Amino acid sequence: MSAPPVSWKAIERDARVVAADGSEAGTVAEVVGDPEADIFNGLVVSPGRLQANRYLPAERVTGIWPDRVEVAATAEEIEALPP
């Protein structure tokens, strides 16, 4: 049985970003939001060492755990986002 999802505030740096197809699409480089107002804007995803970080809007996030974030995007879609 897996742990229940958590708040966006509990996302750990370097948490795995899991694409819609179940593949690993990168890691969380930064969580973007306003903790005081409890507004989650999105994630800065690091798709790989030799690639620039990408911004993924909160609307694409489908599940949050401290060490894993599931998203409604493929690894290719994330890599195609603007740096």
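Source: prediction; values computed, not measured.
Within the structure, ring-ring contact (aromatic ring centres under 6.0 Å, His included) contacts touching residues 11-30 (residues at least two apart or in different chains) do not occur. Sorted by first and then second residue, the pairs that involve residues 6-18 and meet side chain to side chain donor-acceptor pair (under 3.5 Å), not counting sequence neighbours, are Trp8-Asp38. Counting only residues at least two apart or in different chains, ring-ring contact (aromatic ring centres under 6.0 Å, His included) contacts with residues 12-31 are absent.
To the nearest 0.5 Å, the span separating CD1 on Ile78 from OG on Ser23 amounts to 8.0 Å.
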Would you tabulate the side-chain donor-acceptor contacts of residues 54-63 under 3.5 Å, counting partners in other chains and residues two or more places apart, or write 'none'?
from	atom 1	to	atom 2	distance (Å)
Arg54	NE	Glu79	O	2.9
Arg54	NE	Leu81	O	2.8
Arg54	NH1	Ala52	O	2.9
Arg54	NH2	Glu79	O	2.9
Tyr55	OH	Asn41	O	2.7
Arg60	NE	Ala72	O	2.9
Arg60	NH2	Ala72	O	2.6
Arg60	NH2	Glu77	OE1	3.4
Thr62	OG1	Glu70	O	3.1

Let me have the donor-acceptor pairs involving side chains of residues 25-36, under 3.5 Å, with sequence neighbours excluded, atom names and distances please.
from	atom 1	to	atom 2	distance (Å)
Asp34	OD1	Glu36	N	3.0
Asp34	OD1	Ala37	N	3.3

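Contact of the Leu43 side chain with the Val69 side chain is registered, since non-hydrogen atoms from C-beta on lie closer than 4.5 Å. Counting only heavy atoms from C-beta outward, the side chains of Ile11 and Asp67 never approach each other to under 4.5 Å.
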